[in-house]
Number of protein chains: 2
Amino acid sequence: MRKKPPSESQLADIAGIFAILADRSRLLLLNTLRESPCYVTELCRKTGLKQANVSKQLGLLKSAELVTTQRDGNLVQYSIAEPMIFDICELVCSKIERDARRRIQAFRTERTIAARR
Amino acid sequence: MRKKPPSESQLADIAGIFAILADRSRLLLLNTLRESPCYVTELCRKTGLKQANVSKQLGLLKSAELVTTQRDGNLVQYSIAEPMIFDICELVCSKIERDARRRIQAFRTERTIAARR
DNA sequence: TTACTATATTACAATATCGTGATATAGGCA
DNA sequence: TGCCTATATCACGATATTGTAATATAGTAA
């Protein structure tokens, strides 16, 4: 999204990246890879996800170029290709926390007003 | 996503925000609202989306607290509640452009190597 | 009240996505 | 070759999401 209005296909591309990030399992995998690069089996163990699921989600992450792979004999090591995604997650997190605080504040205010009646 | 590993419910919350952003129509609405606050009918006209769809997507955006509303008689004006989303989109955009450049570069290199044979 | 406009909601078909069991593929080693 | 492990892919049921036509609701004004 930029100063000039985005084209149809740009919107679709942007939506596509968000769609990749809009999944609990994939966020879990990304967050695990954030600590250090991992083999698929390690990711299965660390996340508790089944192997077929891990491979499938890693495939999607790779097709979006959010992770990269390196073959090491029989093993495949996955790494983060876009550290930027954690900046994005940080922004989203801060929004969620802000919303939560605002909701608590609104609840307190409401209770105070109710108590005055 | 932060230094301490995110909990299950935090991951779900983050994924939820991304899911809201992972749709062409909603991005289009947000981008239109970026110019200025709009009434629903204006948004229909500016985006070309049908009224039922616009109301539905605005409802989702509002439930995620990405937009706010203000009633004005018979009309409802929608505004951006989280300018931060455009920072996020900017990051995603720059990634997409970087990927595109890298792909073009890789294609050129490949062609050069092929030409040498 | 009635009529009109703006917006929201409902119901549904079409489509997409998630997770999984089963299976395929690929590499290492005997 | 055959066997084992690691990873990827296929096929499918379950579930979720999209856009839309039809309908409901809310506000204004006569």
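Sequence lines set the chain letters: A, B, ... in the order given, protein chains first and strands last, and positions in each chain run from 1. What you see below is based on every heavy atom in this structure, not just the backbone, and it leaves out hydrogens, waters and symmetry mates.
Rounded to an integer number of Å, the gap from CD of B/E42 to P of C/dT5 is 18 Å. Distance, B/Y39 OH to D/dG27 C1': 14 Å, rounded to whole Å. The distance from atom CG of B/L75 to atom C1' of C/dT5 is 9 Å, rounded to the nearest whole Å. Rounded to whole Å, atom P of D/dA6 lies 16 Å from atom CG of A/L58. The distance from atom CZ of B/R26 to atom C1' of D/dT18 is 9 Å, rounded to the nearest whole Å. As a whole-Å value, the separation of A/K56 NZ from D/dA8 P is 14 Å. Atom CD in B/Q51 sits roughly 15 Å away from atom P in D/dT25 (whole-Å rounding). In this structure, B/L29 places its CG atom 13 Å from P of C/dT7, rounding to the nearest Å.
Between A/Y78 and D/dA8 there is a side-chain N or O to OP1 or OP2 distance below 4.0 Å. Within the 4.0 Å cut-off from OP1 or OP2 of C/dT7, at least one side-chain nitrogen or oxygen of B/T41 is found. When the side-chain nitrogen and oxygen atoms of A/S25 are compared with OP1 and OP2 of C/dG19, one or more of them lie within a distance under 4.0 Å.
For A/K46 and A/E35, the salt-bridge test fails: no basic side-chain N is under 4.0 Å from an acidic carboxylate O.
Nearest approach of A/C89 to B/F18, heavy atoms of both residues: SG-CE1, 4.0 Å. In terms of heavy atoms, B/T68 sits closest to B/A81 at CG2-CB, 3.6 Å. Between A/A64 and A/I17, the closest heavy-atom pair is O-CD1, 4.4 Å.
A/I80 and A/Y39 are assigned to two separate hydrophobic clusters, defined by single-linkage of ILVMFWY side chains at heavy-atom distances under 4.5 Å.
A donor-acceptor contact closer than 3.5 angstrom links the side chains of B/K62 and B/T69. Checking A/S55 against A/Q51 by side-chain atom types alone, a donor-acceptor pair falls below 3.5 Å.
The side chain of A/K50 has C/dT20 as its nearest neighbour among D/dA6, C/dT20, D/dA8. Comparing atom distances between the A/V76 side chain and each of D/dT7, C/dT7, C/dC18 picks out D/dT7 as nearest. Closest to the B/A52 side chain, of the nucleotides D/dT20, C/dG19, D/dG19, is D/dT20.
Residue contacts for B/Q57: at a heavy-atom cut-off of 4.0 Å it reaches the sugar-phosphate backbone alone, with no base atom in range. At a threshold of 4.0 angstrom between heavy atoms, the contacts of B/S55 include nucleobase atoms, whether or not backbone atoms are also involved. Among the protein residues, B/R24 comes within range of no part of the nucleic acid, since none of its heavy atoms lies under 4.0 Å from any strand.
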Report task. Evaluate salt bridge (Lys or Arg N to Asp or Glu O under 4.0 Å) for A/D99 paired with A/K95, printing each intermediate quantity in order. Result -> CA-CA 6 Å; A/D99 288 349; A/K95 172 206 166 15; 2.5 Å; yes
Report task. Decide yes or no on salt bridge (Lys or Arg N to Asp or Glu O under 4.0 Å) for A/E65 and B/R102, but give the supporting numbers first. Result -> CA-CA 11 Å; A/E65 304 189 62; B/R102 200 184 314 139; 3.3 Å; yes
**Report entry** Base versus backbone protein contacts along nucleotides 25-30 of chain C [heavy-atom cut-off under 4.0 Å; B, S, -]
**Finding:** -BBS--
Query raised in the report: Dot-bracket for DNA chain C, 5' to 3', with Watson-Crick and G-U pairs under 3.5 Å, [ ] for crossing pairs and | for other-strand pairs: what is it?
Result: ||||||||||||||||||||||||||||||
